[in-house]
Amino acid sequence: MTAPAAPAEHAAAARRPPLERLRELHAAGRVAAEYRSVAPLLAELAPDDGAFADLARAGRVLAKVPHERIREHDPDVPCLTAAVTGSSTVDALATALTAQLARHGVALHCLPVGSGTWQRDLRDTGGQLYAPGTDLALCVLDAGIVFGELPARWGVEDVRAAAAAKLELLDGLAGRWAGHAPGTLVLNTLPLLRHHTHQLVDLRARTELAALWREFNAGILRLALRHERVHVIDTEVLAAEGGPVRDPRLAAYAKVHLGEELLARYAREAGHYARTLLGRTRKVLVVDLDNTLWDGVLGDDGAEGIAVASTYRGEAFGAFQRTVRQLGSQGVLLAACSKNDSGPVLQVLRDHPDMVLREEDFVEVVADWEPKDGNLKAIAKRLNLGVDSFVFADDSPFECGLVASSLPEVAVVRLNEEPALHIERLLADGWFDVLELTAEDRRRTAQYRSDAERRTLLDSAGSMEDYLRDLDVRVAVSPASGNELDRVSQMTLRTNQFNMTTQRLQPDAVRELAADPERMVLAVRSRDRFGDNGVVGALLVSRSGGVLHLDNMLLSCRVFARGIEQAALGALLDHAQRSGLGEVRARYVRTAKNHRVRGFYPSMGFSAVQESGTEVRFRHGLGELPPLPGHVTLTASFAEESEGS
């Protein structure tokens, strides 16, 4: 057995470039066994530092490690299957996507389909793109699909006709995909190159071509709004970040019509989307204060010496604050963590005339002299969230290194002394991206602030029973409809602790379940004396003969231990008994994060009837129903009946 490395050796290893450390892991044959250590390594390669070349090299190393070996060593590592096709050669995409997914702790199983065969691949419902288990089908297109079909002498009207025909074709293929494929189809807008526009010497015609091309790309973008499970990456945004769209020599000789750097940026966006599909969206942004939210050090400069808008550099900090507040308005929970005294910090947040962010924008403000990694764990405990839902932004290399090493689950955004780059660094990885915002998302900050009032009530209560009685919990269970179905989908994607099977369902899959007469998608809503919590849980139910199957049950971590889960399941058991059914069956699938609910079904009168690996199957005979929590007022209605309890 090899002796453990000394602390000095660890420090020396940490100073070596991340790519060098990754190569050492690979040379030792340890990448599969230590795959969870890869993400922190690659996180040191900030995309805005021009790290795409290093990420490409990392991707080539990681692509040599089969995803099966990674899962053999750690079955909890999520794996995504992607099939790649395109209108030209896109070989560089597979390695770039491998690296991007590894940055987020996801292993890639890539199925290369072909180059130049995109139409055939999208039509072939028996091919790789449509294969069961394919999560993403990446169809990478370039302007050649239009310009390659023009006559030798062409004008703007020729381009208009060819673009309209291609848009109609893509619309039909997207519809075909939505009707037959299990995963998500990823398309892209098509970059218009100077190589194309400047073949027209008529400047007016050139302008007309540019306008119609933007309309064509807008039509492609709208395909994602019209078809389920179709996503479009806007390459115009990627090209605006810099770098050549293509290399003319590779385009001419190797049919590579999109350059390696553009494909790397495409892979980054595809990786963010894949992470969202896997339910790995972050929920909390924790920001430093000194030289992060404002220019200066409060303890040294005083409130009058810090700047947010009144100086040249201060304007950059003000812009960063506006961006942070914009994220907060869309459901991202904001917290501050600063090495400072609490009183002056709160005074600045309340009274400083230049501040964009105020105390009420934050769910937690921690200003003390304790280590920040410990403070992050304390914030997570108070919010009842895991630190893997946190993003931490700080300008101090020491603080970033401390959090990255002691809390590798936290996504660390390494800011620096240039505030003009803060926004780009914060947004580079799309940590908070969701498929679609729900009403609960927009209310999240207010709901967590209400939780602080609930904690105050708990602290003042004589007992837990007194607290729950004074809280006046009201629970409603009924079929989900409208936007509630999107909320249920979001919960399957993002809820990990109280998620009995962790089956991830996209919105269209939830709507299909709700439309099935043999199934029910039940939303669990709660409110109490401090406000409406909205949809906080869901029960996914199917019926077969005289048996009701509880396929999954979910509950938001915000409302644990209030009797809501007992009331919701009790309502379902009561409904099954009233309907004359013989039994209710349920199953629990163990994951790294839902172990705390392993005993929930037994506590409600279920008996384990089968156990295999990580899965346990339960049965309830409906002879004796569990008592409902006395402090909860329950209202329940189901498809076949309407009743109050």
Side-chain angles (χ1 to χ4, degrees), residues 47-48 50 52 84-90 92-93 96-97 100 118 136 138-148 150 156 159-160 162-171 173-174 184-200 203 205-227 230-248 250-251 256-274 276 323 326 421 423-430 433 435:
D48 61 313
F52 287 119
V84 181
T85 187
S87 56
S88 61
T89 303
V90 290
L93 181 58
L97 187 59
Q100 291 293 343
W118 67 278
L136 286 182
L138 306 175
C139 180
V140 186
L141 304 175
D142 62 81
I145 68 170
V146 172
F147 285 93
L150 299 182
V156 173
V159 178
R160 190 187 307 279
K166 277 296 180 291
L167 187 58
E168 183 179 359
L169 172 64
L170 287 170
D171 192 11
L173 292 173
T184 297
L185 172 64
V186 179
L187 301 172
N188 59 277
T189 57
L190 315 184
L192 182 65
L193 304 177
R194 192 175 190 275
H195 165 78
H196 300 122
T197 59
H198 283 59
Q199 292 183 46
L200 296 173
L203 297 184
R206 193 182 295 172
T207 301
E208 190 178 357
L209 172 61
L212 82 84
W213 199 261
R214 283 163 176 76
E215 293 164 3
F216 172 52
N217 276 331
I220 295 176
L221 287 166
R222 292 190 187 98
L223 295 177
L225 304 177
R226 192 155 54 247
H227 298 286
V230 173
H231 178 65
V232 178
I233 292 176
D234 191 355
T235 56
E236 183 175 342
V237 175
L238 306 184
E241 294 181 11
V245 171
R246 69 166 191 164
D247 183 317
L250 288 175
V256 178
H257 293 302
L258 296 177
E260 187 170 345
E261 185 168 336
L262 183 65
L263 287 177
R265 297 183 191 280
Y266 174 102
R268 182 191 64 194
E269 298 303 312
H272 299 169
Y273 185 72
T276 301
T323 298
Q326 167 69 5
L421 298 177
I423 294 174
E424 281 69 22
R425 286 176 174 255
L426 177 62
L427 300 181
D429 273 311
D433 292 354
L435 296 178

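FYI, the numbering just counts along the sequence from 1. Since the model is a prediction, treat every value here as computed from it, not as a measurement.
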Answer yes or no: is there a side-chain heavy-atom contact under 4.5 Å between [X] and [Y]?
X	Y	value
T184	Y273	yes
T85	V90	no
V140	L263	yes
L200	V156	yes
L97	Y266	no

Requested in this report: List for me each residue that meets salt bridge (charged side-chain N to carboxylate O under 4.0 Å, His left out) alongside D247, sequence neighbours excluded, and say none if there are none.
Outcome: R249

Query raised in the report: Residues in salt bridge (charged side-chain N to carboxylate O under 4.0 Å, His left out) with E208, at least two apart?
Result: R160

Query raised in the report: Is the number of heavy atoms from other residues, nucleotides or ligands within 6.0 Å of CD (E260) greater than 12?
Result: no

Looking at every non-hydrogen atom in both residues, tell me the closest pair between [X] and [Y] and how far apart they are.
X	Y	result
A224	V232	CB-CG2, 3.9 Å
F216	A163	CE1-O, 3.3 Å
L209	T197	CD2-CA, 3.9 Å
L93	A267	CD1-CB, 3.9 Å
L185	C139	CD1-CB, 4.2 Å
L190	I220	CG-CD1, 4.1 Å

Query raised in the report: Listed by chain and number, what are the side-chain hydrogen bond (donor to acceptor under 3.5 Å, both in side chains) partners of H272, not counting sequence neighbours?
Result: D429

Report summary line: Applying side-chain hydrogen bond (donor to acceptor under 3.5 Å, both in side chains) to D142 and not counting sequence neighbours gives S87, S88

Report task. Would you please name every residue forming a ring-ring contact (aromatic ring centres under 6.0 Å, His included) with F147, sequence neighbours left out? Result -> W154, H196, W213

Query raised in the report: H227: what forms a ring-ring contact (aromatic ring centres under 6.0 Å, His included) with it, not counting sequence neighbours?
Result: none

Report task. Give every residue pair that meets the salt bridge (charged side-chain N to carboxylate O under 4.0 Å, His left out) criterion with at least one member in residues 213-227, sequence neighbours excluded. Result -> D171-R226

Could you measure the distance from the [atom1] atom of [X] to the [atom2] atom of [Y]? Nearest 0.5 Å is fine.
X	Y	atom1	atom2	result
L141	L170	CG	CG	6.0 Å
E261	L238	CD	CG	10.5 Å
H231	L187	NE2	CG	10.0 Å
N188	L258	CG	CG	7.0 Å

Please list, chain by chain and in numerical order, all residues satisfying side-chain contact (heavy atoms from CB on, under 4.5 Å) with [X], sequence neighbours excluded.
X	answer
T89	D91, S115, K255, V256
L427	T323, L327, I423
D234	T189, L221, E236, V237
A264	F52

May I have the list of side-chain donor-acceptor pairs in residues 239-246 shorter than 3.5 Å, sequence neighbours left out?
unit_1: E241; atom_1: OE1; unit_2: R265; atom_2: NH1; d: 2.5
unit_1: E241; atom_1: OE1; unit_2: R268; atom_2: NH1; d: 3.4
unit_1: E241; atom_1: OE1; unit_2: R268; atom_2: NH2; d: 3.2
unit_1: E241; atom_1: OE2; unit_2: R268; atom_2: NH2; d: 2.8

